Participant: 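Before we start, here is the structure in question, set down as structure tokens.
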2 protein chains.
Amino acid sequence: MADTKQRLLDGALLAVRRHGIAGASARTIAAAAGVNQALVFYHYGSVDELLAAACLSATRDRVSVWSNEFRSVANLRELLDLGRRLHAKERRHGNVSVLAQFLAGAQTDPRLAEATRAALALWTTEIEDVLRRTLANSPLAQIANIPALAGAISAAFVGIELYEGVDAAGAQRAFDALDEMAGLLELVDELGPIATRALRGKVTKVAKTRR
Amino acid sequence: MADTKQRLLDGALLAVRRHGIAGASARTIAAAAGVNQALVFYHYGSVDELLAAACLSATRDRVSVWSNEFRSVANLRELLDLGRRLHAKERRHGNVSVLAQFLAGAQTDPRLAEATRAALALWTTEIEDVLRRTLANSPLAQIANIPALAGAISAAFVGIELYEGVDAAGAQRAFDALDEMAGLLELVDELGPIATRALRGKVTKVAKTRR
DNA sequence: GTCTATAGTAGGATAGAC
DNA sequence: GTCTATCCTACTATAGAC
């Protein structure tokens with residue numbers, strides 16, 4: 001059945017959630033999936049291959065769930081707020097630190113690295129679209145490299161996810177701190193026409209010297 | 001000898017660098033340290049315990065190496081520049097992704113979690129001092145929770161480290177993007193007395209409503 | 001496609017000689 | 001303190017019955 005392949009994908013994620021990437025073996029995965037251990041190799045050839053497939057498939061699922069929310073984000077603060085809701089909800093379902101686990105495992109496993117890079121790119125693309133849209137009329141757009149900034153945001157988010165695993169309260173405070181920073185950017189935006197024009201002028205100057 | 005305990009600490013790091021946290025076994029560690037495998041258990045009781053000790057000891061070493069540099073940082077941009085130099089140099093010595101590896105392993109291992117939290121706190125404290133010093137005269141200080149912001153910065157840094165493992169060019173671009181953001185903050189700082197006063201006023205207002 | 005059985009390997013941990 | 005030898009467990013992967 002095609003059902004078994006799917007169960008193995010789900011089982012792989014469950015095993016990573018429960019035991020970390022290090023403890024996700026053919027046996028723990030099969031147990032979590034409720035299928036026979038040999039089927040891992042029959043359907044996917046190796047544990048690594050299954051993990052890579054699970055990483056991509058799961059990320060595709062989650063991104064598509066949040067895709068509409070990303071589309072409705074109107075400014076940086078809302079993006080941060082979405083990030084926070086996403087963090088909270090996905091964590092409750094245990095879907096969060098999984099990507100971070102894959103990322104860690106990818107450091108020493110090329111096959112996993114390829115899949116993880118692709119999975120992260122799915123999130124980054126969503127953020128990129130938001131930035132392009134929300135920064136369209138901002139001086140920031142002139143100075144910022146949007147895809148690069150999107151990558152930085154994704155990476156930072158993953159870092160805070162990992163941080164949460166060792167210091168939950170600290171991670172919560174970190175999100176608060178980013179809220180404060182976003183609030184500051186908002187204040188800059190509301191400074192009034194004179195200051196805004198001055199800032200825009202400076203930014204344009206800097207942007208020129210960069211080219 | 002006390003020498004053997006040290007060799008095991010070094011071997012543990014070497015093993016994590018080479019094989020990731022998942023591949024750091026008593027055997028690979030002992031091989032990297034050039035000592036007998038049984039000594040892991042004689043000196044540290046278990047592999048986890050050795051890894052925890054290695055994480056703390058190594059972080060203490062690295063932090064003390066960079067401590068003077070942290071002390072000479074005068075503004076946010078210099079902090080970012082230090083972060084970049086730190087990233088480059090430590091990575092060349094392979095000392096970088098180690099903390100990220102520990103952090104990933106810590107997600108499913110309480111003993112490792114404790115040590116990793118403490119190790120990360122060593123870096124965070126350094127950053128906290130820098131922020132407190134450099135933001136002393138900035139409107140930012142009123143609005144920002146300095147320890148929380150330091151935590152966010154540490155976590156984000158670790159995230160970019162992990163990101164580098166799957167997409168080196170992307171990580172490089174992420175640093176560039178953060179440079180651009182720091183540049184923007186600098187521009188805001190240089191806006192001139194009128195705009196600065198306006199911003200300061202707004203910030204004070206916001207800060208009040210928060211209390 | 002799915003199962004059992006098993007070969008072969010690697011790892012955690014300990015006992016006991018030196 | 002350090003070594004060899006070893007036990008036991010868990011893992012990857014495959015062969016072969018059904």
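Naming: A, B, ... by sequence-line order, numbering from 1 per chain. The figures that follow rest on heavy atoms only: side chains count, while hydrogens, waters and symmetry mates do not. Note that the coordinates shown come from a computational prediction; the quantities given were computed from them, not determined experimentally.
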Participant: With sequence neighbours left out, what residues match A/D176 under salt bridge (charged side-chain N to carboxylate O under 4.0 Å, His left out)?
Facilitator: A/R84

Participant: Should B/R71 and B/E126 count as an ion pair when the cut-off is N to O under 4.0 Å?
Facilitator: no

Participant: Separation of B/L8 atom CG from C/dA13 atom P, in whole Å?
Facilitator: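 For the pair B/L8 CG and C/dA13 P, the rounded distance is 14 Å.
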
Participant: If we only count heavy atoms from C-beta on, is the B/I153 to B/T124 side-chain gap below 4.5 Å?
Facilitator: no

Participant: Take atom CG of B/D48 and atom C1' of C/dG11, then tell me their distance rounded to the nearest Å.
Facilitator: 13 Å

Participant: Relative to A/Y44, does A/K5 satisfy both conditions: NZ or CZ under 6.0 angstrom from the six-membered ring centre, and within 45 degrees of the ring's axis?
Facilitator: yes

Participant: Could you tell me how far apart B/L50 (CG) and C/dG11 (C1') are, to the nearest whole angstrom?
Facilitator: 15 Å

Participant: Over how many whole Å does the gap from B/I29 atom CD1 to C/dA13 atom C1' extend?
Facilitator: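 In whole Å, C/dA13 C1' and B/I29 CD1 are 14 Å from each other.
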
Participant: With respect to the side chain of B/V47, which nucleotide from D/dA13, C/dA13, C/dT2 is positioned closest?
Facilitator: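 Within the option list, the nearest is C/dA13.
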
Participant: Measure from NE2 on A/H19 to P on D/dA10 and round the result to the nearest Å.
Facilitator: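 In whole Å, D/dA10 P lies 12 Å from A/H19 NE2.
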
Participant: Between B/D129 and B/R133, is there a side-chain N and carboxylate O pair less than 4.0 Å apart?
Facilitator: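 No.
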
Participant: Between the protein and nucleotides 4-8 of chain D, which nitrogen or oxygen pairs come in under 3.5 angstrom?
Facilitator:
| from | atom 1 | to | atom 2 | distance (Å) |
| --- | --- | --- | --- | --- |
| D/dT4 | OP2 | B/N36 | ND2 | 3.0 |

Participant: Taking atom P of C/dG1 as reference, at what distance in whole Å does atom NE2 of A/H43 sit?
Facilitator: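 In whole Å, C/dG1 P and A/H43 NE2 are 6 Å from each other.
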
Participant: Can you see if the side chain of A/S25 gets near the phosphate of D/dA10 - specifically, an N or O under 4.0 Å from OP1 or OP2?
Facilitator: no

Participant: Between B/F41 (CZ) and C/dG16 (P), how many Å, whole number?
Facilitator: 18 Å

Participant: If you only use heavy atoms from C-beta on, which nucleotide in C/dA13, D/dA13, C/dC3 is closest to the side chain of A/L39?
Facilitator: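 The answer is C/dC3, which lies nearest to the side chain.
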
Participant: Under 4.0 angstrom, heavy atoms only, what part of the nucleic acid is A/V40 near: base, sugar-phosphate, or nothing?
Facilitator: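 A/V40: no heavy atom of the nucleic acid under 4.0 Å.
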
Participant: Quick one: list whatever passes salt bridge (charged side-chain N to carboxylate O under 4.0 Å, His left out) with A/E78, sequence neighbours left out.
Facilitator: none

Participant: Among C/dT2, C/dG12, D/dT2, which nucleotide sits nearest the side chain of A/T4?
Facilitator: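 That would be C/dT2.
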
Participant: Taking the nucleotide of DNA chain D with the closest heavy atom to each, which residue, A/T28 or A/Y42, is nearer the 5' end?
Facilitator: A/T28

Participant: A side-chain contact here means heavy atoms from C-beta on lying under 4.5 Å apart; do B/L149 and A/M181 qualify?
Facilitator: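 A side-chain contact exists here, since the closest heavy-atom pair is under 4.5 Å.
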
